[in-house]
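Reviewing the structure listed below.
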Amino acid sequence: MSESSPPKSKPLSPLPRFIFASRWLQLPLYLGLIAAQAVYVVHFLVELLHLVEAAFGSQTALEALVHSIGYKDAVVPSALNETIIMLVVLALIDVVMISNLLIMVIVGGYETFVSRMDLEGHPDQPEWLSHVNASVLKVKLAMAIIGISSIHLLKTFINAANYDAKVLIAQTGIHVVFLLSALAIAYTDKLLTATYNAARHD
């Protein structure tokens, strides 16, 4: 007994075909994000090179690091100290987390809104991509933003002496807003999923 072939899709009329094809206008946006990802890679490597050079005593590299992290002290450091190292490492982690966010937007957005990538069965397929949709993508992006905000807040607290109290309070408040927003998005997604599942079983 032969397997039944999948039903053929009905050909679209010209206007719906044109409207549906307009999704490819998003392709330059995702290519632009890939270019931004490349810029982040270069920035990461430059900061890492400065950190290594400063560890070997390069004063120029140390000054570049101090300037990039906004570190200020009464005495200009002549060598790396624990605070500078920690701030630089946190800055590198921040770059990595933003890069992860970019990957989620590029891959997940393309898969959801433009075209299937046919990655099923591919050994390198991201675990989260197998069940991604617009709702899941929003929740994952919200969680990624919270992680990035946490890194920024930690950098600010480590270097708190260089910030006004109003800045510390404002950053803490913004982080709390991000957290509450992510919780609201996740709760809304849970309600919508429960409603959808209930409708399917009726």
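Taking Ile, Leu, Val, Met, Phe, Trp and Tyr as members and joining any whose side-chain heavy atoms lie under 4.5 Å apart, directly or through other members, Ile169 forms no hydrophobic cluster with any other residue. If you chain together ILVMFWY residues whose side-chain heavy atoms come under 4.5 Å of each other, Phe56 ends up grouped with Val52. Through side-chain heavy atoms spaced under 4.5 Å, either directly or across other Ile, Leu, Val, Met, Phe, Trp or Tyr residues, Val177 is tied to no other residue.
Between the side chain of Arg23 and the backbone N or O of Phe113 there is no donor-acceptor pair closer than 3.5 Å. Between the side chain of Ser150 and the backbone N or O of Ile146 there is at least one donor-acceptor pair closer than 3.5 Å.
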Full working for side-chain contact (heavy atoms from CB on, under 4.5 Å) between Gln59 and Leu62: CA-CA 5 Å; Gln59 193 64 29; Leu62 179 59; 3.9 Å; yes
Asp164 vs Val167, side-chain contact (heavy atoms from CB on, under 4.5 Å): CA-CA, chis, key distance, verdict: CA-CA 5 Å; Asp164 187 81; Val167 175; 4.2 Å; yes
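Hydrophobic cluster membership is shared by Ile85 and Ile151, with clusters built from Ile, Leu, Val, Met, Phe, Trp and Tyr side chains linked at under 4.5 angstrom. By the criterion of side-chain heavy atoms lying less than 4.5 angstrom apart, applied directly or through intervening Ile, Leu, Val, Met, Phe, Trp or Tyr residues, Leu49 is not grouped with Leu80; the two fall into different hydrophobic clusters. Cluster membership for Val105 and Trp24, using ILVMFWY side-chain heavy atoms within less than 4.5 angstrom, is shared.
With rounding to the nearest 0.5 Å, the separation of CG in Leu87 from CD1 in Ile158 is 5.5 Å. In this structure, CD1 on Ile84 lies 10.0 Å from CG on Leu51, to the nearest 0.5 angstrom. Distance check, rounded to the nearest 0.5 Å: OG of Ser13 to CD1 of Ile19 gives 8.5 Å. Distance check, rounded to the nearest 0.5 Å: CD of Gln171 to NZ of Lys155 gives 9.5 Å.
In terms of the side chain to side chain donor-acceptor pair (under 3.5 Å) criterion, residue partners of Ser68 (sequence neighbours excluded) are, by chain and number, Glu47. Partners of Ala144 by side chain to side chain contact (heavy atoms under 4.5 Å, CB included), not counting sequence neighbours, listed by chain and number: Leu101, Met104. Residues forming a side chain to side chain contact (heavy atoms under 4.5 Å, CB included) with Ser58 (at least two apart in sequence, or on another chain): Glu53, Thr60, Ala61.
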Identify all side-chain donor-acceptor contacts of residues 89-97 below 3.5 Å with residues at least two apart in sequence or on another chain.
unit_1	atom_1	unit_2	atom_2	d
Asp94	OD2	His152	NE2	2.9

Using residues 28-42 as the side-chain source, report each donor-acceptor pair under 3.5 Å to any protein atom, sequence neighbours left out, with the distance given to one decimal.
unit_1	atom_1	unit_2	atom_2	d
Tyr30	OH	Gln26	OE1	3.3
Tyr30	OH	Gly109	O	3.3
Gln37	OE1	Ser99	OG	3.4

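A heavy-atom distance below 4.5 Å is not found between the side chains of Leu153 and Phe178. Counting heavy atoms from C-beta on, the side chains of Met86 and Glu82 come closer than 4.5 Å.
Each of Leu183, Leu191, Ile185 was compared with Tyr187 under the side-chain contact (heavy atoms from CB on, under 4.5 Å) criterion, and only Leu191 meets it.
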